[in-house]
Amino acid sequence: MSLSLSMDISGMGRNSSLQLIICFSIVSYLLAWSRVQTSHCLVPKSCTNMSIGAVLDLASLMGKQQKIAMEIAVEEFNINQVSSSKMDLQIKDSHGNSAQVIASVMDLSQCNQVQAIIGTIRHNEATLASEFSDTINTIPIMSLTSFSARPELLSPRLPHFIQLGDDISLHIQCISAIVGEFGWKKVTVIYELNNDFSSDPGILLSLSYSLKLVGSDIDNHLVFPSLSTLPDPKTTIENELNKLKRMSNRVYLIVHSSLELASMLCEKAKQIGLMEKGSVWIIPNEVAGLLDSVNSSVIFNMQGVVGFKTHFIEKSGAFRQFKFKFQRKFALEYPEEDNINPSIFALQTYDATKAIAKAANKSSQGKFERLSGKTFSKNGQLLQSPTFNIINVIGKSYREMAFWSPALGFSKNIVSHNKVMEISTNNDDSNGVFKTVYWPGESQSVPKGHNNEERTLKIAIPSNGAFTQFVNVEYDQGNNEPTVTGFSISIFEAAVKRLPYILNYTFFPFNGSYDEMVDHVYNKTLDAAVGDTSIVAYRYHLVEFSQPYIESGLHMVVTEQPAKSKETWMFLAAFTKEMWLMMTAMHVFVGFVIWLIEREVNEDLRGFGSMLWFLVTVLFYAHREPIRRPLAQVVLTPWLFAIFIVTNSFTASLTSITISQVKPSVLDIQTLKERNSPIGCDGNSFIVKYLTVVLKFKPENIRKINSMSDYPAAFDNKEIEAAFFVAPHAKVFLAKYSCKGFIKAGNTYRLGGFGFVFPKGSSLASDISEALLSMIESGETEQLEKEMLDGIENGRKANCSDLKSKGKNNTSIGLLPYLGLFSICSTIAILGLSCYMICWLVKNVETLTSHTVLTLTQVWRIWRWTTNIFGRCCSKLQSRIMRRVSSCTETRNAEENVTNSQQIPVVVELVDTVLAAHAS
């Protein structure tokens, strides 16, 4: 039977149930045994003067060594004993079974009448035995097992129970120190379920606490019962190890185990590939302390394993003498064993047996009063050196790398002073202690503790996110391969570069919502998720998030009320360009008509400059020139009224521009609720759920918008009155569309930032978090965000300039409101000009006629003079041309005559030649 426990303490409940079943079986067995033994022990048996009982597991290597050590100690005592009384050793085999241990203790105390009992007896076993036999309460029991130094677990019924093994808490501290030295963040704990670990859950809690102190956590538990209870140990172990192989963690701590179980674990681990490169195996003292006595196959299966063993001096004369006797006696009794070297457990048993024999020899009554004096400490524990050797299995044996003590940690040097082992204070720094360690797979580089390097991780990215600035997926038309870019991708890639190992991964575009993507990571369909995923409470209990790489919160974005910018030529924004042109043209035209009418009778308006000055002063009603003619007054009157209207309109518009401030169209969320206003948000994000559950918006008022570019159109078409974004998305949206009049409004609701998603217990999550913190502290994250926003700013400059000018035209006063007024003024001015021209023509008709006749006469004279001159010139030109033509004709005739005279002899000669040829 094998158990796999989860991280929580609920696994302890299953252990307790198993313990109750075991205890019930033990009690039933003991009740039956006690009735049988009572009938056999009614008549006292003859006993020697001194008798010591021993309870050992003789099926294990440790039990065999302890038995030989006890026999050597008793033999030496009897040889050196002067009196006739001898020491008798009575050994019981427990077969590794707790019920057999209790029965053996009761048998030794009742029938054999021993003066003391020594062996692998645990406190709860001795306590249960004392419930059936009061004799046990008066007999010193010396336990050779490791123990948990917790006084509240000691029964007052056993005042003479003495524990000689090491304190388990020291083992836990040493294991945690090794884990912390190499910086593994997650570990898998493996232990054998015996009475220590089943009865005291504080041991595992202490281990978890010690690991947390060094920055590590327990990722998985693997628990095995005693090998004697397993029908097929190798198959069970292989099945459980295959389950571990499917998990990512590769740091295995064998916290408590027998040598036999540890040997099978390493053998099966090597067969299924858990002893390859990247794995870490740490063995405890009860296994490492026996490696000097195991055969070569065990060493072969444990290559690269790290462990710790209790330190003792092996070069003393007493130990060499003991070793000689031990090897000779062990070889005779157990010839099947290959290596014969006494372990620390044999040496402890030998010393404890000698101490009991000496104390028994000095006490005539055998009460062993002196056992709690010089031989034992006040707590009833044999004085042991709290120093461990850190070993590394390599080759045919192992090498000692360092020493560890709870007071001074790791060191390479150790000195002996007054028979007490102390760490040298000259080298209290552990740096350089583990320079060379041979790990499984013949690797000398420190394993990372997980198999992330061995396989390619499948990392999901949101392919349909509304904000492609964070994650943008584009497909190559040739091979349909996705190209992934964006701010979140850059952050993740930068964090991966900071990892102390190579991470193989591939991005997988995910088409579902963010919650669906998180669920796939929770189900371990995907190894992780990278993108603009918000850290929220209902997701946190499903998966593990990395350190947030950007802060977040929920922002409301609305349109702003119309406003004007305070620019240098701000006053020009009061009117449109068409209005300014029309005003200027009308003002000049009306002024010209008035000047034309008044210039004959008004001395102040005769010059052109006077007209220009009149045009300026009339705008402010400051003209001093009197208008004398009624026609001019008729033209000026409607224009003065028009100037009054336009001036006041200009003043009002300019004042509005000067004092206007940017204000949101909606002030807060409560206003939206009261109006039942439609709102928009990213339909794939958690915001929909947050708006309905937390902010209490009606679902029918929520519009799901799946693209950032769709928001401006939704605002323009009145589909929404407000949009809700997380803070990073709001920052990007405003950076791109702020020129369209969008601003933040209302309160900001604080949320978790953006983080990367990993399965629960993933060691990669802590590594990525550490890398992200390093990036944040160095300013790299801020720089990447600035580059993203700068790119958005540069991309919108042209659009924003067009939008600004468009905004000015929309808010400026145009020509249309004044078109009727200008039509009246222009019509009156044109009529006045026409009337003036008619009157002027009628009044000056005679003068005009005489001037016209005179002018025509002069023109006629000029015309005749011009035609005479032109005729003369033409005659002269004609005569010159005729002379030139006649001269050319004569020259050509002369040339033709010469040519003919030259050609006649040639023709004659040619004719003669032809005739002669014909005659012949």
Side-chain angles (χ1 to χ4, degrees), residues 52 54-58 60-77 79-80 87 89 91 116 118-121 142-147 162-168 170-171 174 258-259 283-294 307-331 333-334 337 339-359 371 374-377 381-391 397-398 400 403-405 414 416 419-421:
I52 300 176
V55 180
L56 301 171
D57 180 12
L58 298 181
S60 65
L61 179 60
M62 181 185 294
K64 295 175 182 178
Q65 290 197 2
Q66 289 172 335
K67 175 179 178 294
I68 299 299
M70 287 182 182
E71 292 175 348
I72 293 174
V74 171
E75 289 176 359
E76 290 180 351
F77 175 79
I79 291 173
N80 298 328
M87 179 71 68
L89 179 64
I91 300 177
I118 185 173
T120 53
I121 307 167
M142 313 190 82
S143 175
L144 299 174
T145 62
S146 299
F147 63 95
I162 303 168
Q163 294 177 314
L164 306 180
D166 294 329
D167 186 354
I168 291 180
L170 296 179
H171 296 188
C174 186
S258 62
L259 174 65
I283 56 177
N285 181 46
E286 55 263 31
V287 177
L290 294 171
L291 291 182
D292 289 317
S293 306
V294 299
F308 62 95
K309 54 181 288 189
T310 304
H311 173 74
F312 64 95
I313 299 177
E314 303 180 14
K315 297 182 179 180
S316 63
F319 177 78
R320 287 197 297 266
Q321 185 179 2
F322 167 74
K323 182 178 180 181
F324 174 75
K325 295 179 182 180
F326 180 89
Q327 290 178 334
R328 183 179 60 182
K329 190 173 183 63
F330 194 92
E333 192 161 348
Y334 303 104
E337 300 290 344
N339 294 328
I340 307 172
N341 290 299
S343 65
I344 181 62
F345 309 107
L347 185 59
Q348 287 176 342
T349 306
Y350 172 77
D351 291 339
T353 306
K354 287 183 64 177
I356 294 174
K358 289 180 181 180
L371 288 179
K374 295 181 180 180
T375 307
F376 302 101
S377 68
Q381 301 165 9
L382 190 65
L383 290 175
Q384 299 289 340
S385 169
T387 305
F388 294 103
N389 284 51
I390 309 301
I391 66 167
S397 183
Y398 62 86
E400 295 182 353
F403 300 93
W404 180 87
S405 70
I414 191 167
S416 177
K419 299 182 181 180
V420 179
M421 300 302 173

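Residue numbers run from 1 in the order of the sequence given. Both backbone and side-chain heavy atoms feed into the values below; hydrogens, waters and symmetry mates do not. Values in this document were obtained by computation on a predicted structure and should not be read as measured data.
Between Ile91 atom CD1 and Lys67 atom NZ the span is 5.0 Å, to the nearest 0.5 Å. A distance of 9.5 Å separates CD in Glu286 from OG1 in Thr310, rounded to the nearest 0.5 Å.
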- Task: In sequence, state the C-alpha distance, the side-chain angles, and the governing distance for Thr353 and Leu89, and then conclude on side-chain contact (heavy atoms from CB on, under 4.5 Å).
- Result: CA-CA 10 Å; Thr353 306; Leu89 179 64; 5.6 Å; no
- Message: Test side-chain contact (heavy atoms from CB on, under 4.5 Å) on Gln66 and Phe345; report intermediate values, then the result.
- Response: CA-CA 7 Å; Gln66 289 172 335; Phe345 309 107; 4.2 Å; yes
- Message: For Leu290 and Met62: C-alpha separation, side-chain torsions, deciding distance, then whether side-chain contact (heavy atoms from CB on, under 4.5 Å) applies.
- Response: CA-CA 7 Å; Leu290 294 171; Met62 181 185 294; 4.0 Å; yes
- Derivation of the side-chain contact (heavy atoms from CB on, under 4.5 Å) call for Asn389 and Phe403: CA-CA 5 Å; Asn389 284 51; Phe403 300 93; 3.5 Å; yes
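Between Glu75 and Lys329 there is a salt bridge, with a side-chain nitrogen of the basic residue lying less than 4.0 Å from a carboxylate oxygen of the acidic one. Using a 4.0 Å cut-off between a side-chain N of Lys or Arg and a carboxylate O of Asp or Glu, Asp292 and Lys309 qualify as a salt bridge.
For the pairing with Ile118, the side-chain contact (heavy atoms from CB on, under 4.5 Å) check across Leu144, Val55, Ile162 returns one residue only, Leu144.
Phe322 approaches Ala346 most closely through the heavy-atom pair CZ-O, 4.1 Å. Residues Val294 and Leu61 approach most closely at CG1-CD2, 4.2 Å, considering heavy atoms. In terms of heavy-atom proximity, Met87 sits nearest to Val74 at O-CG1, 3.5 Å. In terms of heavy-atom proximity, Ile121 sits nearest to Thr145 at O-OG1, 3.9 Å. Nearest heavy atom pair, residue His171 against residue Phe388, reads CD2-CZ, 3.6 Å. The two residues Phe326 and Asn341 make their nearest non-hydrogen contact at CE2-C, 4.0 Å.
Other residues, nucleotides and ligands contribute over 12 non-hydrogen atoms within 6.0 Å of the CD atom of Glu400.
At a threshold of 4.5 Å between non-hydrogen side-chain atoms, the residues Lys325 and Tyr350 do not count as touching. Side-chain atoms of Leu56 and Thr349, non-hydrogen and from C-beta on, never get closer than 4.5 Å to each other.
Of the possible polar contacts, none joining the Gln65 side chain to the Pro342 backbone as a donor-acceptor pair under 3.5 Å is found.
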